[in-house]
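Everything on this sheet refers to the single structure shown next.
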Amino acid sequence: MLVAPLPANENERLADLRGLGILETPIEERFDRITRLVCRSLDVPISAVSLVEDDRQWFKSIQGLPVCETSRDVAFCAHAILNDEPFIVEDALLDPRFAENPLVTDDPKIRFYAGIPLSLGNGRNIGTLCAIDRVARDHSDDEIQTLRDLADMVTAELNTIAANETCVKLCAELEQAERAALIDPLTRVWNRRGAMTILEREVQRAERGQTPLTCALVDIDHFKRVNDEHGHDLGDEVLRQFAKTALSALRSTDILSRWGGEEFLILLPECSEPDAQIVLHRMLKKIRDLEFEGERNPFRITASIGMAAFADQQIEPIEAVLKEADRRLYAAKENGRDCIIAQGEHDAFANGALRAG
């Protein structure tokens with residue numbers, strides 16, 4: 001196995017990467033959308049936005065593998081950043097640089113790799129957009145051009161990092177290790193501590209601007225049954241896919257966090273309860289479309305939601321609003337699950353007006 005040498009501009013390259021403040025941040029739909037397009041356009045099972053740090057490659061987005069990083073020593077992307085042209089390996093087993101690489105000999109058993117270097121426009125490559133297959137294959141000029149075009153989209157996003165204002169400011173203020181402590185390692189969204197940090201800031205911002213702020217507690221229905229019948233590994237995959245799918249339905253300014261177990265908290269800044277219901281209803285419909293391969297049969301999941309809003313003119317205590325959202329979540333479960341409860345138990349859309357489907 002050949003370990004990639006360091007680029008001549010390694011120090012400047014790392015400064016560019018770390019200056020973005022993107023390492024150890026939650027997954028984002030704008031990047032996941034691109035890696036999904038890579039998988040569909042090139043018909044590959046694995047795609048990633050890989051950012052190459054000094055000792056590892058860290059994935060801002062990855063499809064097809066439940067990992068967030070690998071060692072730089074074994075990274076194909078560490079080779080890809082050495083030049084500005086596409087880096088193609090058609091059969092890793094026949095390539096002396098990679099034939100003994102553990103990513104080739106063991107899981108995920110990489111055979112084909114195509115990576116497009118990502119630069120911020122200064123010639124220093126900070127990572128790649130890559131397509132990976134478990135079988136050897138040829139590639140066409142059209143496929144590589146498609147990958148180039150999608151890599152340009154990644155670069156555009158990297159050059160205009162501007163998601164939720166509160167999240168951006170928080171990430172900029174914290175060191176990399178501090179950011180990592182606020183992210184759930186399984187789903188790669190904010191964890192409960194991160195959610196509370198962001199919520200406190202969002203409440204202050206809503207109070208200053210006299211703008212609405214809505215929060216929603218979301219619970220995956222019958223999740224214990226998933227673990228009992230299909231095992232915890234598939235249960236973990238359900239949680240990961242739930243988070244990715246939820247993000248794909250939410251607005252770019254909304255914030256998703258794992259509140260605990262199979263429960264998630266969603267913050268919807270500058271969003272009234274009626275508008276939030278529309279967003280969350282769309283999310284529930286996408287969740288219902290998910291299908292998982294169980295031990296014996298495919299299965300689908302649903303979710304229940306309790307939501308509560310901070311008043312426009314007077315911001316209630318955070319604990320009181322969360323308690324009300326939690327009460328409504330339990331009411332949603334008592335109401336038959338797979339629905340949204342807003343405003344109060346007796347104004348619960350119990351007749352299906354806000355049921356998914």
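This is a predicted model, so every value here is computed, not measured.
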Quick check: do [X] and [Y] have side-chain heavy atoms less than 4.5 Å from each other?
{"X": "Ser252", "Y": "Glu29", "result": "no"}
{"X": "Glu202", "Y": "Pro269", "result": "yes"}
{"X": "Val154", "Y": "Leu158", "result": "yes"}
{"X": "Glu262", "Y": "Phe242", "result": "no"}
{"X": "Thr214", "Y": "Phe310", "result": "no"}
{"X": "Met1", "Y": "Arg97", "result": "no"}
{"X": "Asp32", "Y": "Val49", "result": "no"}
{"X": "Cys39", "Y": "Ile46", "result": "no"}

Heavy-atom count check: over 12 atoms from other residues, nucleotides or ligands less than 6.0 Å from [X] [atom1]?
{"X": "Glu175", "atom1": "CD", "answer": "no"}
{"X": "Glu178", "atom1": "CD", "answer": "yes"}
{"X": "Tyr330", "atom1": "OH", "answer": "no"}
{"X": "Asp43", "atom1": "CG", "answer": "no"}

Expected output: side-chain [X] to main-chain [Y] donor-acceptor under 3.5 Å:
{"X": "Ser304", "Y": "Asp338", "value": "yes"}
{"X": "Asp254", "Y": "Arg251", "value": "yes"}
{"X": "Asp107", "Y": "Lys109", "value": "no"}
{"X": "Ser47", "Y": "Cys130", "value": "yes"}
{"X": "Arg111", "Y": "Arg137", "value": "no"}
{"X": "Asp133", "Y": "Tyr113", "value": "no"}
{"X": "Arg282", "Y": "Ala249", "value": "yes"}
{"X": "Asn125", "Y": "Gly127", "value": "no"}
{"X": "Asp184", "Y": "Arg258", "value": "no"}
{"X": "Thr211", "Y": "Glu207", "value": "no"}

Quick one, Met283 with Ile305, criterion side-chain contact (heavy atoms from CB on, under 4.5 Å). Give me CA distance, side-chain angles, the key distance, then yes/no. CA-CA 11 Å; Met283 185 193 78; Ile305 300 178; 3.8 Å; yes

Apply side-chain contact (heavy atoms from CB on, under 4.5 Å) to Leu23 and Arg179, showing your working. CA-CA 8 Å; Leu23 296 169; Arg179 291 199 298 266; 4.2 Å; yes

Looking at [atom1] of [X] and [atom2] of [Y], how far apart are the two atoms once the value is rounded to the nearest 0.5 Å?
{"X": "Gln63", "Y": "Leu65", "atom1": "CD", "atom2": "CG", "answer": "10.0 Å"}
{"X": "Asp91", "Y": "Ile110", "atom1": "CG", "atom2": "CD1", "answer": "12.5 Å"}
{"X": "Ser119", "Y": "Arg13", "atom1": "OG", "atom2": "CZ", "answer": "11.0 Å"}
{"X": "Asp84", "Y": "Ile116", "atom1": "CG", "atom2": "CD1", "answer": "11.0 Å"}
{"X": "Leu265", "Y": "Met196", "atom1": "CG", "atom2": "CE", "answer": "9.0 Å"}
{"X": "Leu290", "Y": "Thr245", "atom1": "CG", "atom2": "OG1", "answer": "3.5 Å"}

Do the ring planes of Phe299 and Phe292 sit parallel (below 30°), tilted (30 to 60°) or perpendicular (above 60°)? parallel

For salt bridge (charged side-chain N to carboxylate O under 4.0 Å, His left out), just list the numbers for Glu273 and Arg328, CA-CA rounded to whole Å, side-chain angles, deciding distance to a tenth of an Å, and then say yes or no. CA-CA 13 Å; Glu273 264 194 295; Arg328 295 174 185 178; 3.4 Å; yes

Qualifying residue for side-chain contact (heavy atoms from CB on, under 4.5 Å) with His230, from Glu293, Glu295, Arg296: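 Of the listed options, the one satisfying the test is Glu295.
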
Do the side chains of [X] and [Y] get close enough for a salt bridge, i.e. N-O under 4.0 angstrom?
{"X": "Glu12", "Y": "Arg124", "value": "no"}
{"X": "Asp54", "Y": "Arg72", "value": "no"}
{"X": "Glu24", "Y": "Arg18", "value": "no"}
{"X": "Arg201", "Y": "Glu173", "value": "yes"}

Using only heavy-atom distances, determine whether the side chains of [X] and [Y] contain a donor-acceptor pair under 3.5 Å.
{"X": "Ser61", "Y": "Thr35", "answer": "yes"}
{"X": "Lys60", "Y": "Thr25", "answer": "yes"}
{"X": "Gln145", "Y": "Asp141", "answer": "no"}

Would Glu237 and Gln241 satisfy side-chain hydrogen bond (donor to acceptor under 3.5 Å, both in side chains), going step by step from the backbone distance to the final call? CA-CA 6 Å; Glu237 182 62 19; Gln241 292 305 316; 2.9 Å; yes

Per side chain to side chain donor-acceptor pair (under 3.5 Å), Gln57 is matched among Asp73, Thr128, Thr70 by Thr70

Decide yes or no on side-chain contact (heavy atoms from CB on, under 4.5 Å) for Val52 and Ile126, but give the supporting numbers first. CA-CA 6 Å; Val52 181; Ile126 61 173; over 6 Å; no

Show your working on side-chain hydrogen bond (donor to acceptor under 3.5 Å, both in side chains) between Thr155 and Asp152 and close with a plain yes or no. CA-CA 5 Å; Thr155 300; Asp152 286 343; 5.1 Å; no

Salt bridge (charged side-chain N to carboxylate O under 4.0 Å, His left out) between Arg205 and Glu270: does it pass, once the steps are laid out? CA-CA 10 Å; Arg205 191 161 75 94; Glu270 300 183 23; 3.4 Å; yes

Report whether Leu239 and Leu247 are members of the same hydrophobic cluster (ILVMFWY, side-chain heavy atoms less than 4.5 Å apart, transitive linking). yes

Cluster check Val74, Trp58: I/L/V/M/F/W/Y, side chain < 4.5 angstrom: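 They do not share one cluster, since no chain of ILVMFWY contacts under 4.5 Å joins Val74 to Trp58.
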
Would you check, one step at a time, whether the test salt bridge (charged side-chain N to carboxylate O under 4.0 Å, His left out) holds for Glu319 with Lys323? CA-CA 6 Å; Glu319 294 77 10; Lys323 184 176 180 180; over 6 Å; no

Taking the six-membered ring for Trp, are Phe98 and Phe76 closer than 6.0 Å centroid to centroid?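 Yes, ring centres under 6.0 Å apart.
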
Give the intermediate values and the outcome of side-chain contact (heavy atoms from CB on, under 4.5 Å) for residues Ile198 and Leu267. CA-CA 9 Å; Ile198 293 168; Leu267 303 180; 4.1 Å; yes

Kindly indicate, with the supporting measurements, whether the criterion salt bridge (charged side-chain N to carboxylate O under 4.0 Å, His left out) is fulfilled by Glu291 and Arg300. CA-CA 5 Å; Glu291 185 171 277; Arg300 297 177 183 269; 3.3 Å; yes

